[in-house]
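Scroll down for the structure; my scribbles are underneath it.
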Amino acid sequence: MVKGVIFDLDGVIVSTDDCHYLAWKRMADEEGIPFDRAVNERLRGVSRMDSLNIILEKANAAYTDAQKEALATRKNAYYVELIGRLTPSDILPGTLEVLRELRKRNVKIAIGSSSRNTPVILRQIGLESAFDAVADGNQISRSKPDPEVFVLAARLLAIAPVDCLVVEDADAGVEAALAGGMKALGVGSAAQNPRATYRAQSLADVDLNTLLR
Ligand code: G6P
Ligand code: MG
C-alpha cells in the first residue's frame with residue numbers, strides 16, 4: 001500500500017523547462033558556448049553545477065572552479081528573473097486534482113526536487129503550504145540519480161521508502177526513486193521510460209486506484 005507520494009517539482013507540478021533553457025542560453029550566448037534544446041534535455045533533474053559541467057563540454061576554454069561558480073550564479077539570476085513571472089496558472093494539468101484526492105485518501109504528500117529554487121517556485125504557484133514535507137536541493141549533497149532527496153522526503157514524512165511512490169519526469173529521477181527502494185511513476189519526458197513502475201503522459205491521465213495499490 002502506498003502511504004506517501006513524493007513529487008518532483010520541475011516538469012511534474014510546473015513546467016520550468018523554458019525558464020531553465022532561456023537562462024542557460026543567455027549565459028551560454030554571452031560566453032560563446034554552443035547550447036541548444038538537445039543539450040537542455042540532458043539537464044532534466046540534474047543539479048545546477050552538474051548542468052553547467054554538461055554545458056561546458058562544448059566550451060573551447062577551460063574554466064576554474066571560481067569561474068564556474070560565477071557562471072552558475074549568473075545563470076541563476078536570469079532564471080530567478082524568469083520564474084518570478086510564474087503564477088498558479090502554470091501548475092500542470094491534473095496536479096491539483098491529484099493532490100486533493102490524495103489528501104482525501106489520507107496519503108501523505110511531499111516534494112523531492114534537486115532545485116534550490118524550490119521554495120521560490122512553490123510560493124509563486126501558491127503551493128507553499130500544500131505539502132506535508134519538502135526536500136530540495138538546499139538540503140542534499142548528491143543529485144539524482146542518487147536517491148538522497150527522495151530518501152530525505154520519505155524520512156520527513158516518516159514513511160518507509162517501500163511505501164512511497166515517486167512522480168518523476170526525468171530518467172535520472174526514475175533511477176533515483178528505484179535506487180531508494182520506491183516505486184516510480186514516469187510522466188512527461190519519462191512517460192516512455194521502461195524502468196518506471198507506472199507510466200502516464202501527465203497527472204491528468206492517472207488512475208489513483210492502480211497507483212496506490
Ligand atoms: C531540477 C531541474 C534541473 C535543474 C535542477 C537544479 O531538477 O529539472 O533542470 O538543473 O532542478 O535547479 P536550480 O533551481 O537549483 O538551479
Ligand atoms: Mg523534473
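For this chain, numbers begin at 1 and follow the sequence in order. For the numbers below, each heavy atom of this structure counts, side chains included, while hydrogens, waters and symmetry mates do not. Both ligands and their constituent atoms are indexed starting at 1 by order of listing.
- Legend: protein N/O/S atoms lying under 2.8 Å from the Mg ion (ligand 2), waters omitted, number 3.
- Salt bridge Glu41/Arg37: absent, no basic N to carboxylate O contact under 4.0 Å.
- Among residues at least two apart or in separate chains, salt bridge (charged side-chain N to carboxylate O under 4.0 Å, His left out) pairs with a member in residues 179-205 are Glu175-Arg195.
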List below, pair by pair, the N or O atoms of ligand 1 and of the protein that are less than 3.5 Å apart, including the distance to 0.1 Å; reply 'none' if no pair qualifies.
from: ligand 1; atom 1: 8 (O); to: Gly45; atom 2: N; distance (Å): 2.9
from: ligand 1; atom 1: 9 (O); to: Leu43; atom 2: O; distance (Å): 2.9
from: ligand 1; atom 1: 10 (O); to: Val46; atom 2: O; distance (Å): 2.6
from: ligand 1; atom 1: 10 (O); to: Ser51; atom 2: OG; distance (Å): 3.4
from: ligand 1; atom 1: 14 (O); to: Ser115; atom 2: OG; distance (Å): 2.6
from: ligand 1; atom 1: 14 (O); to: Asn117; atom 2: ND2; distance (Å): 2.7
from: ligand 1; atom 1: 15 (O); to: Arg48; atom 2: NH2; distance (Å): 3.2
from: ligand 1; atom 1: 15 (O); to: Arg116; atom 2: N; distance (Å): 2.7
from: ligand 1; atom 1: 16 (O); to: Arg48; atom 2: NE; distance (Å): 2.8
from: ligand 1; atom 1: 16 (O); to: Arg48; atom 2: NH2; distance (Å): 3.4

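- Between Asp50 and Arg142 no salt bridge is recorded (no basic side-chain N to carboxylate O distance below 4.0 Å).
- Screening residues 156-201 for ring pair (Phe, Tyr, Trp, His ring centres under 6.0 Å), with sequence neighbours left out, gives no hits.
- Between Arg100 and Glu97 there is no salt bridge, since no side-chain N of the basic residue sits under 4.0 Å from a carboxylate O of the acidic one.
- Within 6.0 Å of NZ on Lys108 lie no more than 12 heavy atoms contributed by other residues, nucleotides or ligands.
- Partner of Leu127 under the side chain to side chain contact (heavy atoms under 4.5 Å, CB included) criterion, out of Leu96, Val14, Leu9: Leu96 alone.
- Taking 4.0 Å as the cut-off between side-chain N and carboxylate O, Asp171 and Lys144 do not count as a salt-bridged pair.
- When each of Asp136, Val134, Ile140 is tested with Asn138 by the rule side chain to side chain contact (heavy atoms under 4.5 Å, CB included), just one qualifies, namely Asp136.
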